[in-house]
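Worksheet: one structure, shown below.
Bear in mind that the values here come from a model prediction, so they are computed numbers and not experimental data.
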Amino acid sequence: MDKEADQRVQGLFRMASRAFEDGQPQQAAQYLQRAEAMAPRHPLVLNEAARQRLGTGDPQAAHALLVEAVAADPAYPELWLNLAAALRSLQRTDEELAALKRVLALEPRNFRALLQVAAAQEQQGQPRTAAATYVTALQAMPRGFEPPPGLNPLLQRAREAIEANDRSIESFLTERLEGLRARHADVSLARFDKCLATLLRKQQIYRQQPTFMYFPHLPAIEFHDRDLFPWLDAIESATDDIRTELLQVLAEDAATLQPYISLPETSPLKQFRELNNSRRWSVYYLWREGTAVTDNLARCPRTAQALATWPPCDVPGYSPSAVFSILDARTRIPPHTGVSNTRLIVHLPLIVPPGCGFRVGAEFREWQPGKAFVFDDTIEHTAWNDSDEPRAVLIFDIWSPFVNETEREMVRAATIAVGEYYNTRPYREG
C-alpha cells in the first residue's frame with residue numbers, strides 16, 4: 001500500500017476513535033467500514049476484525065488475523081497486545097509472553113502489557129515475580145485513568161497479588177530479622193521499623209511540602225524527639241494555669257475568638273472551603289505574625305509568663321504566632337501542609353475530650369492534656385474532634401533546631417524581601 005493510502009486509513013481510525021469517545025458508535029462504525037473497503041488487509045483493519053473476533057469468543061480466528069497484521073507492520077504496540085490476548089485465550093503462555101515483550105520493547109511503560117505479563121507469570125507459578133510486575137504496572141497506569149469495565153477484574157487481581165506478596169515477604173523478613181532484633185534489643189529501631197513499614201506498603205511515604213519556602217537537607221521527621229526541647233518542661237508545668245485562663249476567656253469573651261482560616265473566596269486552597277471564615281475552628285491570638293497581642297496577653301498573665309521561656313521562630317512581620325486553638329465538636333480539619341520547614345510547631349493540649357486525634361504523615365497521636373509535642377507541619381497533617389465538646393490546644397512555632405543561626409538570619413531576610421518585592425505577605429497560615 002502506498003503511503004498516501006496508509007495515511008488515509010490511519011486517519012479514518014483516528015476519527016472512529018474520537019467518535020467512540022464522543023458517544024457516536026454508529027458514526028465510528030461508518031469510518032471503520034470505509035477503512036475496510038479501502039484496504040481490507042491493512043494491519044489496523046485486520047486488528048479491528050481480530051478485536052471483534054476476540055469479543056465474540058473466537059481467539060483462533062483472531063490469532064490468524066493478528067499474525068498477518070504484525071507481519072505486515074510490527075511497529076504497532078496494539079497489534080502485539082491483542083495478539084498476546086489471543087494467545088492467552090489459546091493457553092499458549094510462552095508465545096503470549098514473547099508477544100508482550102514486543103509490546104514493551106515499543107512502549108516500556110505500557111501498563112496493559114505489564115498487567116498481562118504479570119498474569120502470565122502467575123499462571124507459570126511465579127507469584128513473587130508476578131507481584132513485582134503488578135507493582136510496576138500499577139505505577140505505570142496514567143494518573144486519572146478510568147479503566148474500562150473489562151479491565152477491572154485484572155486490576156483487582158493485581159492488588160490482591162501485591163497484598164498477598166507483601167504479607168508473605170513480611171513474614172519472611174520477620175523470621176530473617178528475629179535474631180538481629182534480639183541482639184539489638186537495647187537500641188531503638190523506630191526509624192528502621194518505619195522504613196520496613198513503607199517497604200511493605202503498610203504506610204504511605206509523606207514528604208515535606210511547604211506552601212512557601214523549602215529549605216533543603218533538613219530531616220523530614222513527623223514528630224521530633226522531645227529531648228531536643230528541654231524548655232518545654234516549664235511550659236508544661238503551667239498547664240493548669242493556662243487552661244484556667246483559657247476557660248475564663250471562653251466564659252467571658254468568646255466573641256473575641258476569630259476563625260483560624262480566613263482566606264479570599266478566590267483562594268486555590270479548596271480543602272478549607274468548609275472551614276473558611278468559620279468559628280468551628282477558631283483561635284485566640286496571643287502572638288500574631290510576629291507581634292504580641294498585648295491585650296490578650298494581659299488577660300492571660302500566667303500563659304504570658306510561661307511563654308517567656310519559649311524560643312520563638314522570629315521573622316518580623318510573619319512569625320512567631322501563638323494561639324489558643326479551639327476545634328468545635330464534630331469538626332475535622334482537612335489534610336494540609338504549612339509554610340516552611342525552617343520552623344516546627346508545638347502543641348500543648350489543654351482540653352481533650354474523647355474522640356480527638358491528630359495525624360502527621362503516617363503517624364498518629366492522641367493529645368494528652370499537659371503533654372506537649374513538636375511536629376513538622378510541612379508534612380501533610382490533619383486533626384479531628386469527633387466528640388460532642390470543643391477541643392483546645394495552645395499552639396506556637398519555633399525554629400527547627402537543624403537550622404543554624406546564620407541560616408536563620410538569611411531566612412528572615414529572604415522572607416521579608418519576598419514580601420517587599422510583591423508588596424504583600426509571601427505566605428499565609430492555613
Quiz item: How close do A86 and A62 get, heavy atom to heavy atom, and via which atoms?
Solution: CB-CB, 4.5 Å
Quiz item: Nearest heavy-atom pair of L66 and L79: which atoms, and what distance?
Solution: CD2-O, 3.9 Å
Practice problem: Given side-chain hydrogen bond (donor to acceptor under 3.5 Å, both in side chains), test D397 with S321 step by step and report yes or no. | Solution: CA-CA 6 Å; D397 51 9; S321 290; 4.8 Å; no
Quiz item: Sub-3.5 Å donor-acceptor pair from the side chain of H381 to the main-chain atoms of H336, do we have one?
Solution: yes
Self-check item: Donor-acceptor pair between Y284 and N296 side chains, under 3.5 angstrom
Solution: yes
Quiz prompt | Between Q305 and D241, a side-chain donor and acceptor under 3.5 Å | solution = no
Quiz item: Donor-acceptor pair, N385 side chain versus L327 backbone, under 3.5 Å?
Solution: yes
Exercise. Ignoring hydrogens and angles, tell me if any N or O in the side chain of T291 forms a donor-acceptor pair with the backbone of W287 under 3.5 Å.
Key: no
Quiz prompt | Ion pair E236/R226, N-O distance below 4.0 Å | solution = yes
Practice problem: Taking the side chain as every heavy atom from C-beta outward, state whether V283 and L257 have any atom pair closer than 4.5 Å. | Solution: no
Quiz item: Parallel, tilted or perpendicular for W231 and F396, by the 30°/60° rule?
Solution: tilted
Quiz item: Do the non-hydrogen side-chain atoms of T342 and S400 ever get within less than 4.5 Å of each other?
Solution: no
Quiz item: How about R391 and S325: does a side-chain donor come under 3.5 Å of a side-chain acceptor?
Solution: yes
Quiz item: What about F324 and Y285, are their ring centers closer than 6.0 Å?
Solution: no
Quiz item: Passes side-chain hydrogen bond (donor to acceptor under 3.5 Å, both in side chains), Q156 versus E160? Steps please.
Solution: CA-CA 6 Å; Q156 180 61 28; E160 291 171 354; 3.2 Å; yes
Quiz item: Hey, is the main chain of Q126 close enough, under 3.5 Å, to the side chain of T129 for a donor-acceptor pair?
Solution: no
Quiz prompt | Expected output: side-chain N110 to main-chain A113 donor-acceptor under 3.5 Å | solution = yes
Quiz item: Hey, is R159 close enough to E163 for a salt bridge, meaning N to O under 4.0 Å?
Solution: no
Quiz item: Which heavy-atom pair separates L81 from V103 by the least distance, and what is that distance?
Solution: N-CG2, 3.5 Å
Quiz item: Are the ring centres of F358 and F375 closer than 6.0 Å?
Solution: yes
Practice problem: Taking all non-hydrogen atoms of both residues into account, name the closest pair between Q204 and A362 and its distance. | Solution: O-CB, 3.9 Å
Practice problem: Give, for atom CE of M213 and atom CG of N341, the distance between the pair rounded to the nearest 0.5 Å. | Solution: 9.5 Å
Exercise. Just say parallel, tilted or perpendicular for the rings of F272 and W281, cut-offs at 30° and 60°.
Key: tilted
Quiz item: Do R343 side-chain atoms and I345 backbone N/O form a donor-acceptor pair below 3.5 Å?
Solution: no
